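Input: a single structure, listed below in structure tokens.
Quantities reported herein were computed from a predicted structural model and do not represent experimental measurements.
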Amino acid sequence: MMGTDANIQELRERVRTVVNSTAGHVSFMMEDEGGNQYQIEADTHKKAASLIKIPILMAAFKQVEAGRLKLTDRHLVEAESRVGGAGVISQLDAETIFTLLDLLTLMIIVSDNAATNKVIDMLGMDDVNEFCTKHGLSKTKLERKMMDFKAAGQGLENRTCARDIVKCLKLLLENRNGVFTEENRLQMLKIFDGQQLLDKLPFLMDLDSVRIANKTGELPGVEHDCGIVALGEKKVLVAVLIDDLTDNAVGKKAIQEIGKIVEKYMQGPKSE
């Protein structure tokens, strides 16, 4: 069964092998429902890339709960706000209007940068950072919008760590302290379940038997993925953040291999 000493030890050895053979700096954290954890430099600051969109999503839902925003509110993403990179809005008619729920969904499932920047405009960076501080995401900070190379050149960077990302996933999975209403927690999980970017943690998994609600991130030299992995009634939270890569494909391959290792851990030891 998942969580036996031998099974955990095998997971540790296999993950460590991947980490040691990867030409980049890897931070890893995994936690199962039994409280078993394995971590490798889980508190190390990393450029957040698109993982910063997770606390942005959560901060937006808190403003919805406070009555400051409505998921049904409709917003125009102005032409000057249609930044490139990941997403689809920059390719659409400039007069297209989106609900807040549309923008939040696009921000997660296709990592849309224009949608993200519109949401940041609505929330304000201070609100996102206040959410992070209040909920113990001590290494996570939003300092700039997506694709803002001028701000990046001035040293402003969005940052997080593997432990903070697992904390976010735990809020989505358990909501133990009632941070969100159950309706909103389930709505956020539904958004994650619609993820379209499946080329990292899920890539080598058998998606006929395993479900994963994940969120990726990447920049030059940076590859991340995190997710809630479910096999039957078993669930595991996992975050893999890799930077200092000279070849992003190396980082992506390492995350794919770690995804398969997590799946095997959940399956448990084979019967004799």
Revision key, fill the gap. Which of Thr116, Asp112, Asn117 passes side-chain contact (heavy atoms from CB on, under 4.5 Å) with Ile89? Answer is Asp112

Practice item. May I ask you to decide if Glu143's main-chain N or O and Asn158's side chain share a donor-acceptor pair within less than 3.5 Å? Key: yes

Review point. So does Lys260 pair up with Glu257, basic N to acidic O under 4.0 Å?
Key: no

Point to revise | Contact summary for Leu123 and Ala60, nearest pair of heavy atoms | key: CD2-CA, 3.6 Å

**Study point:** Evaluation steps, side-chain hydrogen bond (donor to acceptor under 3.5 Å, both in side chains), between Gln9 and Glu13
**Key:** CA-CA 6 Å; Gln9 184 60 31; Glu13 291 172 357; 3.1 Å; yes

Exercise for review: Return the minimal non-hydrogen interatomic distance between Ala86 and Val110, and the atom names on each side.
Suggested key: CB-O, 3.9 Å

Review point. What distance separates Leu103 CG from Ile97 CD1, expressed to the nearest 0.5 Å?
Key: 11.0 Å

**Study point:** Flag side-chain contact, heavy atom, 4.5 Å: Ile109 against Phe192
**Key:** no

Exercise for review: Check the pair Asp43, Arg163 against salt bridge (charged side-chain N to carboxylate O under 4.0 Å, His left out), reporting the backbone distance first and the verdict last.
Suggested key: CA-CA 6 Å; Asp43 296 299; Arg163 187 183 306 279; 2.6 Å; yes

**Study point:** Pi-cation contact, Phe180 with Lys62 (under 6.0 Å, within 45°)
**Key:** yes

Practice item. Using a strict 4.0 Å threshold on nitrogen-to-oxygen distance, state whether Asp243 and Lys46 make a salt bridge. Key: yes

Check your understanding: Honestly curious: do Leu173 and Tyr265 fall in one hydrophobic cluster under the side-chain, below-4.5 Å linking rule?
Key -> no

Point to revise | Chi angles and distances behind the side-chain hydrogen bond (donor to acceptor under 3.5 Å, both in side chains) call for Lys70, Thr99 | key: CA-CA 9 Å; Lys70 293 181 180 179; Thr99 66; over 6 Å; no

Practice item. Go through the steps for Leu57 and Ile191 under the test side chain to side chain contact (heavy atoms under 4.5 Å, CB included), then give the verdict. Key: CA-CA 10 Å; Leu57 174 78; Ile191 292 172; 4.2 Å; yes

Exercise for review: State, yes or no, whether a side-chain contact exists between Cys168 and Leu51 at a heavy-atom distance under 4.5 Å.
Suggested key: no

Review point. Considering all heavy atoms of both residues, which atom of His45 and which atom of Arg159 are nearest to each other, and what is their separation?
Key: CD2-CB, 3.9 Å

Practice item. Quick one: do Val240 and Asp225 satisfy side chain to side chain contact (heavy atoms under 4.5 Å, CB included)? Show the steps, please. Key: CA-CA 6 Å; Val240 189; Asp225 203 357; 5.7 Å; no

Review point. Judged by modelled atom types alone, do Asn184 and Glu65 share a side-chain donor-acceptor pair under 3.5 Å?
Key: yes

Check your understanding: When rounded to the nearest 0.5 angstrom, what distance separates NZ in Lys139 from CD1 in Ile165?
Key -> 13.0 Å

Review point. Salt bridge or not for Lys170 and Glu31, using N-O below 4.0 Å?
Key: yes

Exercise for review: Could you tell me whether the side chains of Lys215 and Ser111 share a donor-acceptor contact shorter than 3.5 Å?
Suggested key: yes

Check your understanding: Can Lys234 and Val229 be said to form a side chain to side chain contact (heavy atoms under 4.5 Å, CB included), step by step?
Key -> CA-CA 8 Å; Lys234 303 173 184 175; Val229 187; over 6 Å; no

Review point. Under 3.5 Å, is there a donor-acceptor pair linking the side chains of Asn113 and Lys53?
Key: yes

**Study point:** Basic-acidic side-chain contact under 4.0 Å: Glu157, Lys141
**Key:** no

Check your understanding: Given Asp102 and Arg74, is the salt bridge (charged side-chain N to carboxylate O under 4.0 Å, His left out) satisfied, shown in steps?
Key -> CA-CA 9 Å; Asp102 289 337; Arg74 299 173 68 80; 5.8 Å; no

Check your understanding: Is a side-chain N or O of Gln195 found less than 3.5 angstrom from the main chain of Leu197, in a donor-acceptor match?
Key -> yes

Review point. Would you call Lys252-Glu218 a salt bridge at under 4.0 Å N-O?
Key: no

